[in-house]
Amino acid sequence: MAIQGLEIKFEGYDTILNECVNQKAIREGQRVHSHMIKTHYHPPVYLRTRLVVFYTKCECLGDARKVFDKMPNRNVVSWTAMISACSQRGYASEALNLFRQMLRSGTEPNAFTFASVLTSCKGALQVEYGMQIHSLIVKSMFESHIYVGSSLLDMYAKSGKIHEARGVFEGLPERDVVSCTAIISGYAQMGLDEEALELFRRLQREGMTCNYVTYASVLTALSGLAAVDHGKQVHNHVLRSELPFYVVLQNSLIDMYSKCGNLSYSRRIFDNMSERTVMSWNAMLVGYSKHGKGREVVELFKHLRDQNRVKPDTVTFLAVLSGCSHGGMEDRGLEFFDEMVSGKDGVEPEIEHYSCVVDILGRSGKVEEAFEFIKQMPFEPTAAMWGSLLGACRVHLNVDIGELVAERLIEMEPENSGNYVLLSNLFASMGRWEDVRNVRELMNEKAVIKEPGRSWIELNQTLHTFHASDRTHPRKEEVFAKVKELLEKIKQAAYTPDLSCVLHDVDEEQKEKILLGHSEKLALVFGLIDTPPGKPVQVMKNLRICVDCHNFAKFVSKVYGREVSLRDKNRFHHIIGGICSCGDYW
DNA sequence: GTAGGGTTAG
């Protein structure tokens with residue numbers, strides 16, 4: 001592509017630039033552009049557009065913008081190329097500004113424009129504008145366009161409006177792998193894992209094609225559900241289909257197996273990878289962290305530092321710090337944090353890392369230090385931090401700081417009933433029963449359980465879900481009878497219900513009944529009924545496990561000689577012979 | 001000429 005010294009006209013420039021776009025030949029394209037300037041050639045709109053496209057494709061957004069700004073007339077392609085480049089690089093407000101200017105200039109958007117601009121309308125605030133764009137789309141008859149439709153449904157899904165997303169999806173005249181994947185991952189990203197799985201299975205029956213993005217999305221849902229039987233099926237599909245971007249899928253598989261309780265499978269995949277990204281390391285570190293394997297976290301992080309291909313990032317340090325906290329490696333955790341502050345790996349601590357340090361200090365009994373740490377840190381404390389510290393006060397029986405902390409926490413979140421339970425637990429563990437009763441008074445009437453508790457267990461490829469005091473499960477009678485039988489046995493082994501976990505204004509007998517109806521107990525008991533004696537049982541819960549249920553599970557493991565695994569919102573509890581891997585701190 | 005979906009976190 002020698003152009004120097006040649007007399008070039010439109011066709012010549014056009015051909016060469018097109019070639020440069022295809023080959024991403026940045027230098028060559030820049031020389032073509034310079035040649036135009038040097039020879040005082042004034043390119044027509046078409047060629048200027050070609051330049052804009054060239055620069056955006058070569059990720060030279062600034063140069064693209066310069067050409068774009070100098071254009072006397074702009075067409076839909078140049079506008080769209082700019083909007084799309086901004087959207088793809090995460091400059092959402094710039095993309096929206098350009099779109100507004102485009103409308104003002106009188107240029108009609110086409111399907112390409114709508115599909116691009118919607119990418120910049122994700123989130124609770126932007127979706128308002130996205131909905132206005134939606135009505136423009138309806139007016140211009142692009143609603144059924146497959147690219148526009150999938151971008152539209154993705155916008156709704158990522159803004160928390162999953163019903164609207166589903167509506168757009170159902171209204172599409174045809175479906176393809178992208179629109180199907182977008183709606184499945186929409187459910188998965190909102191934590192609606194059962195819905196995601198159900199839809200995936202339905203669409204599969206209806207002949208949907210899957211690619212690596214589809215499987216990655218479904219694996220996210222299966223991780224959430226800890227549905228290991230389904231996960232293994234997907235793993236088989238992946239192995240058979242020789243999909244591209246296998247690293248992404250291996251990362252998802254590492255995550256899925258570890259969240260299903262099978263760490264050794266995760267490690268096997270990790271060890272056999274021919275190429276690893278930072279996400280591969282992070283997924284493995286998170287796995288160890290959630291299982292309370294502190295030593296393994298520290299060891300793997302050392303490997304990561306020793307190899308020079310992948311650099312740790314902010315998520316790596318979250319995994320490492322929370323791994324040290326969950327795994328009883330508090331001192332190492334504090335050292336890692338100090339190393340972050342000193343700039344050792346070039347990752348600056350953010351508020352989440354500070355939150356991990358609060359956890360670490362609290363767990364190791366340094367409650368005062370944690371309190372000071374929160375007061376001095378360069379961020380506003382979050383409710384989660386105060387909550388973690390209040391938990392520490394309960395375990396380490398520090399009622400002075402506990403009351404101070406609870407005051408702030410309840411001020412921040414007066415409606416979160418979980419906070420009152422924590423405070424009630426604290427007073428109860430100090431034997432201050434009058435105060436336990438006062439907490440009930442303190443709890444204002446608006447306090448609600450944010451998210452209803454739900455527990456489930458996977459047996460023979462079937463998920464059995466239980467809610468508190470479940471009256472809907474087909475085998476509820478059998479489950480309730482077994483709960484009573486169990487209760488007698490473990491009471492003989494000195495189990496006493498922890499009534500401070502119930503804040504309802506009822507008598508003690510009622511409180512005990514409410515406790516026995518907690519979903520994790522029902523799921524656990526169901527697992528005992530439906531599996532042979534001696535076999536390990538694994539139960540999942542969508543929230544943090546309650547103090548009484550944790551204790552209940554410990555007694556069950558001891559009295560019935562069962563290994564019990566409980567996966568709650570934050571971590572795994574592996575209970576053997578009445579002893580839990582969390583060391584009774586979570 | 002310009003376009004849509006994905007993996008790790010707490």
Side-chain angles (χ1 to χ4, degrees), chain A residues 14 17-18 21-22 45-54 56-57 75-85 87-88 109-119 142 145-155 157-158 169 172 176-186 188-189 210-220 223 243 245-256 258-259 276-287 289-290 312-323 325-326 350-356 359 382 384-385 388 569-571:
Chain A
D14 188 46
L17 275 177
N18 191 25
V21 171
N22 291 338
V45 176
Y46 189 96
L47 217 45
R48 289 175 198 260
T49 305
R50 184 71 97 183
L51 275 169
V52 171
V53 170
F54 160 73
T56 56
K57 287 275 151 91
N75 57 18
V76 60
V77 178
S78 51
W79 280 108
T80 305
M82 282 311 300
I83 292 168
S84 147
S87 278
Q88 283 171 2
N110 62 18
F112 289 74
T113 327
F114 284 126
S116 309
V117 74
L118 288 171
T119 312
F142 281 123
H145 189 285
I146 190 80
Y147 280 63
V148 177
S150 48
S151 199
L152 194 55
L153 81 85
D154 188 56
M155 172 196 78
K158 288 213 172 67
F169 178 73
L172 287 175
D176 67 358
V177 61
V178 176
S179 52
C180 290
T181 306
I183 188 70
I184 291 168
S185 84
Q189 283 165 358
C210 295
N211 62 19
Y212 83 100
V213 185
T214 324
Y215 286 123
S217 304
V218 171
L219 282 167
T220 305
S223 292
L243 291 161
F245 301 101
Y246 193 44
V247 190
V248 172
L249 284 171
Q250 284 173 313
N251 295 346
S252 300
L253 286 165
I254 290 172
D255 178 61
M256 184 274 293
S258 84
K259 287 192 180 143
R276 298 185 189 101
T277 62
V278 69
M279 284 197 191
S280 326
W281 291 89
N282 292 351
M284 198 64 233
L285 287 165
V286 168
S289 167
K290 296 236 181 225
D313 67 5
T314 172
V315 177
T316 315
F317 276 95
L318 280 179
V320 169
L321 294 176
S322 72
S325 180
H326 288 156
E350 294 159 25
I351 190 161
E352 291 89 350
H353 302 100
Y354 279 80
S355 196
C356 288
D359 265 346
T382 62
M385 274 182 200
S388 148
K569 200 178 178 196
N570 297 327
R571 63 166 296 155

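Just so we're on the same page: letters track the sequence lines, and every chain starts at 1.
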Using a heavy-atom cut-off of under 4.0 Å over every strand shown, decide if [X] touches base, sugar-phosphate, or nothing.
X        : value
A:Ser355 : nothing
A:Tyr215 : nothing
A:Gln189 : sugar-phosphate
A:Thr220 : sugar-phosphate
A:Val52  : nothing
A:Val286 : sugar-phosphate
A:Asn75  : base
A:Leu253 : nothing

How long is the line joining [atom1] of [X] and [atom2] of [N], in whole Å?
X        : N      : atom1 : atom2 : answer
A:Arg276 : B:dT8  : CZ    : P     : 18 Å
A:Gln88  : B:dT2  : CD    : P     : 11 Å
A:Asn251 : B:dA9  : CG    : C1'   : 14 Å
A:Lys290 : B:dG10 : NZ    : P     : 4 Å
A:Phe54  : B:dT2  : CZ    : C1'   : 16 Å
A:Leu321 : B:dT8  : CG    : C1'   : 15 Å
A:Asp255 : B:dG10 : CG    : P     : 10 Å
A:His145 : B:dA3  : NE2   : C1'   : 8 Å

Looking only at side-chain atoms of [X], point me to the closest of [options].
X        : options              : answer
A:Ser179 : B:dT8, B:dG4, B:dG6  : B:dG4
A:Thr119 : B:dT2, B:dG10, B:dG5 : B:dG5
A:Asp154 : B:dT7, B:dG5, B:dA9  : B:dG5
A:Ser322 : B:dG10, B:dG4, B:dA3 : B:dG10
A:Val178 : B:dG5, B:dG10, B:dA3 : B:dG5
A:Val315 : B:dG5, B:dG6, B:dT8  : B:dT8

[N] phosphate, OP1 or OP2: any side-chain N/O from [X] under 4.0 angstrom?
X        : N     : answer
A:Lys158 : B:dG6 : yes
A:Ser84  : B:dA3 : yes
A:Lys57  : B:dA3 : yes

Worksheet entry | Heavy-atom closest contact (A:Pro312 atom, A:Phe317 atom, distance) | CB-CE1, 4.1 Å
Pair of N/O donor and acceptor under 3.5 Å linking [N] base with [X] side chain:
X        : N     : result
A:Asp176 : B:dG4 : yes
A:Asn211 : B:dG5 : yes
A:Ser151 : B:dG4 : no

Discussion item. For A:Thr80, give me all partners under side-chain hydrogen bond (donor to acceptor under 3.5 Å, both in side chains), at least two apart in sequence or on another chain.
Written reply: A:Thr113
Worksheet entry | Side-chain heavy-atom pair A:Ser252, A:Met256 within 4.5 angstrom cut-off | no
Practice prompt. Just jot down the side-chain contact (heavy atoms from CB on, under 4.5 Å) partners of A:Cys356, sequence neighbours excluded, or say none.
Written response: A:Leu318, A:Leu321, A:Ser322
Fill in: Pair A:Ser280-A:Val247, side-chain contact (heavy atoms from CB on, under 4.5 Å): steps then yes or no
CA-CA 8 Å; A:Ser280 326; A:Val247 190; 4.2 Å; yes
Worksheet item: Is there a side chain to side chain donor-acceptor pair (under 3.5 Å) between A:Asp313 and A:Thr316 once you walk through the steps?
Response: CA-CA 5 Å; A:Asp313 67 5; A:Thr316 315; 2.8 Å; yes
Worksheet item: Have A:Ser179 and A:Ser150 got a donor and an acceptor in their side chains that come within less than 3.5 Å?
Response: no
